[in-house]
There are 2 protein chains.
Amino acid sequence: MKPTLQAVADAVGVSRSTVSNAYSRPDQLSAALRKKILDAAQQLGYPGPNPTARSLRRGFVGAIGVLFTSQLSYAFTDPFAVRFLAGVSEGAERHGTSLLLVPLPVDRAEVRRAVENASVDGFCVYCVGDEDWVLDAIRDRGLPVVTTAPREDGGPGDRYVGIDERAAARSVADHVAALGHRRVALLGDTVLPDAPPGPLRLSAPGDAPHPTTRGRLTGFADAFAAVGVDWSAITLINAAGNSRPAGSAAIAAALTGNDPPTAVLACSDVLALGVLDALAEPGRQVVHPVSVTGFDDIADAAAAGLTTVRQPAEEKGRIAAELLLEPPADPAAGHVLLRTDLVVRTSTRPVPRS
Amino acid sequence: MKPTLQAVADAVGVSRSTVSNAYSRPDQLSAALRKKILDAAQQLGYPGPNPTARSLRRGFVGAIGVLFTSQLSYAFTDPFAVRFLAGVSEGAERHGTSLLLVPLPVDRAEVRRAVENASVDGFCVYCVGDEDWVLDAIRDRGLPVVTTAPREDGGPGDRYVGIDERAAARSVADHVAALGHRRVALLGDTVLPDAPPGPLRLSAPGDAPHPTTRGRLTGFADAFAAVGVDWSAITLINAAGNSRPAGSAAIAAALTGNDPPTAVLACSDVLALGVLDALAEPGRQVVHPVSVTGFDDIADAAAAGLTTVRQPAEEKGRIAAELLLEPPADPAAGHVLLRTDLVVRTSTRPVPRS
DNA sequence: TTGAAAGCGATACCAG
DNA sequence: CTGGTATCGCTTTCAA
């Protein structure tokens with residue numbers, strides 16, 4: 001049995017409170033006594049105050065939970081997520097706060113349990129898919145939450161850090177439209193739950209359930225509507241997952257069909273790079289060059305010459321952590337919108353004359 | 001005040017145990033009563049059993065601590081570390097275990113406190129530098145630990161997953177030596193604590209305090225000793241940090257000096273890529289092509305054509321997690337050595353004839 | 001099935 | 001500066 005604080009107290013012949021003070025409030029006892037206690041503890045092999053017991057008593061843990069509405073390894077696999085986390089960890093580190101990465105089970109009921117079991121002071125939710133139900137589970141815990149996508153029904157303490165998805169998406173799409181592209185395809189990840197990879201019909205961009213995807217598709221549509229291209233004339237393509245291979249697989253058919261698009265606008269850089277991969281495949285020669293755009297501006301985008309929208313990944317994470325750790329006095333300050341920038345590179349070109 | 005289990009019990013008119021059972025052991029009470037309790041809880045806004053209290057009582061947390069002997073953001077900045085973590089998270093996820101990323105303060109005394117304050121069932125330590133003192137703090141907690149570098153004085157329960165650093169390093173160095181290189185430079189990160197970037201004298205490779213660096217330098221030295229090149233004839237260069245810019249900065253002077261090395265062997269891919277960056281800089285034309293090798297085989301290595309040693313990053317992480325979560329019955333199985341492979345690409349060429 | 005009682009290991013207030 | 005006491009919120013025999 002591991003010795004407890006009580007054991008140390010007995011050994012030294014003082015009360016528990018004194019031993020506790022020796023650890024947590026050195027100024028509350030004489031240096032000599034403190035040393036005596038610490039020595040005895042060392043000698044007994046007392047590992048120091050049990051952190052769980054301490055948290056219980058203090059009503060505070062010193063950790064924030066980070067949830068990915070996806071497999072946990074997504075957090076380390078997706079380039080944007082990694083940078084976001086780097087930012088979160090930076091913010092947390094500044095406050096001496098730990099990060100608890102909680103894996104979410106696939107089963108909904110178990111998700112509740114996972115959320116309920118996390119010893120944390122608050123949650124930071126990185127929204128990958130449509131996750132209102134996850135947010136509900138968290139909200140029921142009654143802890144502060146910060147999300148990366150706006151909530152429809154955010155309560156008073158609702159905190160959020162993001163970008164104006166719609167405007168940002170519009171900025172790239174405007175660029176593409178200005179280059180003369182009219183026959184375009186939009187590529188999104190899991191536009192509808194369980195949709196297979198490939199073309200997908202959606203009566204309006206606003207029908208996409210996931211807020212981020214919805215915002216981006218709507219922004220794309222806005223730009224083309226402005227030049228007279230109706231939503232119904234735009235090809236929407238679904239990718240099964242946010243990864244390069246998923247992007248390649250999803251776009252493949254569209255590129256080889258007759259009348260392929262002259263431009264593909266993807267909802268993420270990863271998907272866009274997948275499109276470039278598909279375009280580069282020997283078998284997949286398209287009759288004309290295809291312009292491609294991404295979203296995020298991850299590291300690989302620059303080398304690939306990908307035109308994209310930059311959003312400040314690390315800053316987003318850092319602010320998320322700070323929103324949790326230093327709650328703004330003014331609740332209105334709980335919603336932070338970051339700036340985005342259109343980054344034009346070589347992957348977009350004027351529409352080829354036919 | 002948030003309602004407690006007691007409040008729910010009072011509201012329903014049952015005892016606490018019954019409410020507790022409603023949550024944790026559904027089979028211990030009638031479905032009807034359980035529903036009644038859960039409804040009441042919902043109605044009262046009871047957030048479910050407090051995870052901290054539960055952990056205290058159960059003596060088990062359901063989380064493992066992950067420590068980086070460096071800034072926490074290193075975990076998300078260094079490509080190899082990220083892949084390692086992806087592996088750890090995969091292993092943890094399989095067990096429904098969370099990951100607690102604990103930021104380590106710079107101050108040693110505070111490190112102890114940080115370690116002592118982490119509510120976890122075990123620790124996984126990613127060794128960046130010379131961290132015996134961190135390991136000591138952890139060991140004093142009396143929790144299981146798995147490290148990525150062997151410990152000199154590992155106790156009985158000592159768990160470790162790594163590679164044969166020395167042999168792996170030797171394999172690249174043998175390749176370089178076979179190409180005829182004799183005037184070589186070795187590049188390592190923080191070879192000695194607080195050493196400035198640039199050339200460094202070490203009487204023997206074994207003098208490097210950090211076990212990983214020591215192993216790699218020794219392996220490099222082995223290979224050259226075998227072809228008659230003495231340690232004293234080898235240039236050792238220190239980089240201030242494991243990053244591309246640090247690599248560039250450290251090597252710069254050596255490349256422009258007279259009699260520059262014909263080959264540079266770096267202790268990591270990141271440093272090696274930094275060397276390639278330096279070589280590519282307009283001002284830095286070297287009189288002859290310089291061969292460069294790395295270590296790890298991160299994603300960027302392939303694109304850069306970097307010759308390197310591959311070690312299975314994700315697997316390393318996954319095994320680390322498993323070693324913690326499914327302690328091997330046979331203590332000897334607590335030490336896992338992974339295989340490495342020499343990957344020859346275009347960054348190494350035969351020594352130029354002069 | 002249900003409930004009473006005994007902790008899990010520590011902290012904080014308040015006398016002394 | 002030190003110690004008694006109440007309590008943090010829950011789980012778990014064990015008996016009814």
Side-chain angles (χ1 to χ4, degrees), chain A residues 1-38 40-41 44-62 113 116-121 140-143, chain B residues 1-38 40-41 44-62 113 116-121 140-143:
Chain A
M1 201 49 213
K2 238 180 291 182
T4 72
L5 186 148
Q6 175 77 68
V8 179
D10 291 347
V12 183
V14 295
S15 79
R16 305 201 296 251
S17 341
T18 305
V19 178
S20 175
N21 283 336
Y23 281 94
S24 309
R25 324 175 70 170
D27 51 316
Q28 294 296 299
L29 72 180
S30 67
L33 179 54
R34 180 171 136 92
K35 179 163 185 345
K36 191 172 158 196
I37 291 174
L38 262 27
L44 281 167
Y46 173 65
N50 177 315
T52 305
R54 165 179 282 179
S55 296
L56 174 59
R57 184 59 235 236
R58 297 226 250 228
F60 155 89
V61 179
R113 301 199 41 108
E116 285 167 358
N117 259 317
S119 282
V120 295
D121 302 319
D140 291 351
R141 274 282 308 262
L143 293 176
Chain B
M1 201 49 213
K2 235 179 293 182
T4 70
L5 186 149
Q6 174 77 67
V8 179
D10 291 348
V12 183
V14 294
S15 79
R16 306 201 296 249
S17 348
T18 306
V19 179
S20 174
N21 283 335
Y23 281 94
S24 310
R25 324 174 70 169
D27 51 317
Q28 295 296 298
L29 72 181
S30 66
L33 179 56
R34 178 171 136 92
K35 178 160 184 350
K36 191 170 158 198
I37 291 174
L38 261 27
L44 281 168
Y46 174 65
N50 176 314
T52 306
R54 165 178 283 181
S55 296
L56 174 59
R57 184 59 234 238
R58 291 199 174 155
F60 156 87
V61 178
R113 302 200 38 108
E116 285 166 359
N117 259 316
S119 283
V120 295
D121 302 318
D140 290 351
R141 275 281 308 263
L143 293 176

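Since the model is a prediction, treat every value here as computed from it, not as a measurement. The sequence lines fix the lettering, A, B, ..., with proteins before strands; numbering per chain opens at 1.
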What parts of residues 13-27 of chain A reach DNA chain C, counting only heavy atoms under 4.0 Å away?
A:R16, A:S17, A:S20, A:S24, A:R25
Which of residues 46-59 of chain B sit near DNA chain C, with a heavy atom under 4.0 Å from it?
B:L56, B:R57
Nearest whole angstrom, please: distance from the P of C:dG3 to the CD of B:Q6.
12 Å
Test your reading of the model: is there a side-chain donor-acceptor pair from A:D121 to the backbone of A:F60, 3.5 Å cut-off?
no
What is the minimum heavy-atom distance between A:L44 and A:A11, and which atoms define it?
CD1-CB, 3.7 Å
Taking the side chain as every heavy atom from C-beta outward, state whether A:S20 and A:R57 have any pair of such atoms under 4.5 Å apart.
no
Smallest heavy-atom separation, A:L143 atom then A:V120 atom, equals CD1-O, 3.6 Å
Shortest non-hydrogen contact from B:E116 to A:P47?
CG-O, 4.0 Å
B:L29 vs B:I37 side-chain heavy atoms within contact, under 4.5 Å:
yes
Atom CG of B:L5 to atom P of D:dT7: distance rounded to whole Å?
18 Å
Interatomic distance where CD1 belongs to B:I37 and P belongs to C:dT1 [whole Å]
13 Å
Considering only residues two or more places apart or on different chains, which pairs with a residue in residues 21-32 of chain B satisfy side chain to side chain donor-acceptor pair (under 3.5 Å)?
B:S24-B:R54
Sequence neighbours excluded, the answer for side chain to side chain donor-acceptor pair (under 3.5 Å) partners of B:Q6 is B:D10, B:R16
What I'd like to find out is whether the side chain of A:V19 reaches to under 4.5 Å of the side chain of A:V12, using heavy atoms alone.
no
By a strict heavy-atom criterion of less than 4.0 Å, which residues belonging to residues 28-36 of chain B are in contact with DNA chain C?
B:Q28, B:L29, B:S30, B:L33
Could you work out, with side chain to side chain donor-acceptor pair (under 3.5 Å) as the rule, every residue matching A:T52, not counting sequence neighbours?
B:S119
